[in-house]
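Notes to accompany the following structure.
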Amino acid sequence: MCEYTEVTVKIPFGKKNLDAVFSVPAEFSPKRHGVILTHGAGGDMNFIHLVSLASYLASNGLLCLRFTCKGLNLVYRTKAYNAVLAYLKSSEEYKLYGVFLAGRSMGSRAAASIVRGVSENEDEFILGLITLSYPLHPPNAKGKLRDEDILLIRRPVLFVSGSADEMCEKSLMEDLIRRMKAPVKMHWVENANHGMAVKGKTTEDVMTEINKQVFLWIQETI
């Protein structure tokens, strides 16, 4: 584990700016890998799960950029994510070999909509997709699958979901994975709901499990 520092930045997005924070490993050098993180429909970049993951990854040498974008419009959120991606790509201070796009719940849908447009042979900067609590369907509406972007992805994907997630029926997710053409890894957090709460376990315990899974998958993928 290594030390890291946090740097607050404003990322241009249309006529406004997006609040964002870099978590920078102390021994950061050019051509490292990075991760972009964003939150779900509620909350912001300081959501405890994102802070915990960014801290863990940065402590293990990965640059993390997490950002806030409010709103329930997926198209808007996707445009904001693209603005953050473009900002990181053009950064002179934090040059990276490649980046993983990640998000929680609705944030993971925005990330997925970007990764779906990347073919196997283009834009090598985008290395893969990490989803935390991917909302495969609305609560109590298992017939309305949000799988259109996922099925078109060709880059590696990591799904981390709770086995009791009310927005991700386990059997439906496993069926989706069977139909995907991208390399996929699925990690189920036993008895966790959509918010990754598990009866009898602390948030810290759950996040330790998730953080380790994400980091190991990134290592395997790169």
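At least one donor-acceptor pair closer than 3.5 Å links the side chain of Ser163 to the backbone N or O of Asn191. Without hydrogens or angle criteria, Thr78 side chain to Leu74 main chain gives a donor-acceptor distance under 3.5 Å. Between the side chain of Arg154 and the backbone N or O of Val118 there is no donor-acceptor pair closer than 3.5 Å. The closest donor-acceptor contact from the side chain of Ser55 to the backbone of Ser52 lies at 3.5 Å or more, if one exists at all. For the pair Asn211 (side chain) and Met207 (backbone), a donor-acceptor distance under 3.5 Å is present. Listed for the Arg155 side chain is no donor-acceptor partner under 3.5 Å among the backbone atoms of Ala182.
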Please determine whether side-chain contact (heavy atoms from CB on, under 4.5 Å) holds for the pair Val21 and Val7, giving the CA-CA distance in whole Å, both sets of side-chain angles, and the decisive distance to 0.1 Å.
CA-CA 6 Å; Val21 172; Val7 180; over 6 Å; no
Run the side-chain contact (heavy atoms from CB on, under 4.5 Å) test on Met180 and Phe159 for me, step by step, so that the C-alpha distance in whole Å, both residues' side-chain angles and the decisive distance to 0.1 Å come before the verdict.
CA-CA 12 Å; Met180 290 177 64; Phe159 291 107; 3.7 Å; yes
Assess whether side-chain contact (heavy atoms from CB on, under 4.5 Å) is satisfied between Met173 and Met186, documenting all intermediate values.
CA-CA 9 Å; Met173 174 58 88; Met186 178 77 231; 3.7 Å; yes
Does the pair Leu101 and Ile130 meet the rule for a side-chain contact (heavy atoms from CB on, under 4.5 Å), with working shown?
CA-CA 6 Å; Leu101 306 191; Ile130 300 166; over 6 Å; no
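Within a 6.0 Å sphere centred on CG of Asn140, other residues, nucleotides and ligands contribute 12 heavy atoms or fewer. Atom CD1 of Ile48 has 12 or fewer heavy atoms from other residues, nucleotides or ligands within 6.0 Å.
Scanning all heavy atoms of the two residues, the minimum distance from His137 to Leu172 falls at CD2-CD1, 4.0 Å. Shown here for Phe125 and Tyr97, the closest heavy-atom pair between the two residues is CD1-O, 4.0 Å. Contact record, Cys2 with Ala58: SG-O, 3.6 Å, taken as the closest heavy-atom pair. Across all their heavy atoms, Leu18 and Val84 have their closest contact at CD1-CG2, 3.8 Å. Leu158 and Gln213 get closest at one heavy-atom pair: CD2-O, 4.3 Å. For Leu127 against Pro156, the heavy-atom pair with the smallest separation is O-CD, 3.3 Å.
Among residue pairs with one or both ends in residues 203-222, those qualifying as ring-ring contact (aromatic ring centres under 6.0 Å, His included) are Phe100-Trp217; sequence neighbours excluded. For residues 8-18, the salt bridge (charged side-chain N to carboxylate O under 4.0 Å, His left out) pairs, not counting sequence neighbours, are Lys10-Asp19. The ring-ring contact (aromatic ring centres under 6.0 Å, His included) analysis of residues 168-201, with sequence neighbours excluded, yields no pairs. The side-chain hydrogen bond (donor to acceptor under 3.5 Å, both in side chains) pairs that include a residue from residues 59-68 are Glu6-Arg66, Asn46-Arg66, where partners are two or more places apart or lie in different chains. Applying the salt bridge (charged side-chain N to carboxylate O under 4.0 Å, His left out) test to every pair with at least one member in residues 210-222, sequence neighbours left out, gives no pairs at all. Evaluation of the salt bridge (charged side-chain N to carboxylate O under 4.0 Å, His left out) test over residues 67-83, restricted to residues two or more places apart or in two chains, returns none. Contacts classified as salt bridge (charged side-chain N to carboxylate O under 4.0 Å, His left out) and involving residues 129-144 (residues at least two apart or in different chains) are given here: Lys142-Glu169.
Rounding to the nearest 0.5 angstrom, the gap separating the OG atom in Ser113 from the CG atom in Leu152 is 11.5 Å. Rounding to the nearest 0.5 angstrom, the gap separating the SG atom in Cys64 from the OH atom in Tyr56 is 12.0 Å. Going from atom CG of Asp149 over to atom CZ of Arg116 covers 4.5 Å, rounded to the nearest 0.5 Å. In this structure, Ile126 CD1 and Lys89 NZ are separated by 5.5 Å, a value rounded to the nearest 0.5 Å. Atoms CZ and OH, from Arg146 and Tyr134 in turn, are 8.0 Å apart once rounded to the nearest 0.5 Å. Going from atom NE2 of His33 over to atom CD1 of Ile222 covers 4.5 Å, rounded to the nearest 0.5 Å.
With contacts defined as side-chain heavy-atom distances shorter than 4.5 Å, the pair Ser161/Met167 does not qualify. Between Glu27 and Glu3 there is no side-chain heavy-atom pair separated by less than 4.5 Å. Asn193 places none of its side-chain heavy atoms less than 4.5 Å from the side chain of Val198. Between Lys185 and Val157, the closest side-chain pair of non-hydrogen atoms is not below 4.5 Å. Side chains of Met196 and Ile210 form a contact here, defined as non-hydrogen atoms less than 4.5 Å apart. Between Leu63 and Leu88 there is a side-chain heavy-atom pair separated by less than 4.5 Å. A 4.5 Å side-chain heavy-atom check between Val189 and Val206 finds at least one atom pair inside the cut-off. Inter-residue side-chain proximity for Asp147 and Arg179 is flagged as met; some heavy-atom pair is nearer than 4.5 Å.
By the side chain to side chain contact (heavy atoms under 4.5 Å, CB included) test, Pro12 is found to be paired with Asn17, Tyr87, residues two or more places apart in sequence or in another chain being considered. Glu204 meets the side chain to side chain contact (heavy atoms under 4.5 Å, CB included) test with Thr202, Thr208; sequence neighbours excluded. Judged as a ring pair (Phe, Tyr, Trp, His ring centres under 6.0 Å), and not counting sequence neighbours, the contacts of Phe47 are His49. Every residue was checked against the ring pair (Phe, Tyr, Trp, His ring centres under 6.0 Å) condition with Tyr4, not counting sequence neighbours, and none meets it. Every residue meeting the side chain to side chain contact (heavy atoms under 4.5 Å, CB included) condition with Ala20, not counting sequence neighbours, appears here in chain and number order: Val9, Ile11, Leu65, Phe67.
Residues Met45 and Leu57 are members of separate hydrophobic clusters, defined by side-chain heavy-atom contacts under 4.5 angstrom among Ile, Leu, Val, Met, Phe, Trp and Tyr. One hydrophobic cluster, built from ILVMFWY side chains closer than 4.5 Å, holds both Leu96 and Phe22. Under the 4.5 Å side-chain contact rule for hydrophobic residues, Leu136 and Leu129 share a cluster. Follow the hydrophobic side-chain contacts under 4.5 Å out from Leu132 and you never reach Leu216; the two are in separate clusters. Tracing side-chain contacts under 4.5 Å through hydrophobic residues (I, L, V, M, F, W, Y), one never reaches Val160 starting from Val51; they form parts of separate clusters.
Using a cut-off of 4.0 Å between Lys/Arg side-chain N and Asp/Glu carboxylate O, Asp165 and Lys170 are scored as not salt-bridged.
A distance below 6.0 Å separates the ring centres of Tyr76 and Phe13.
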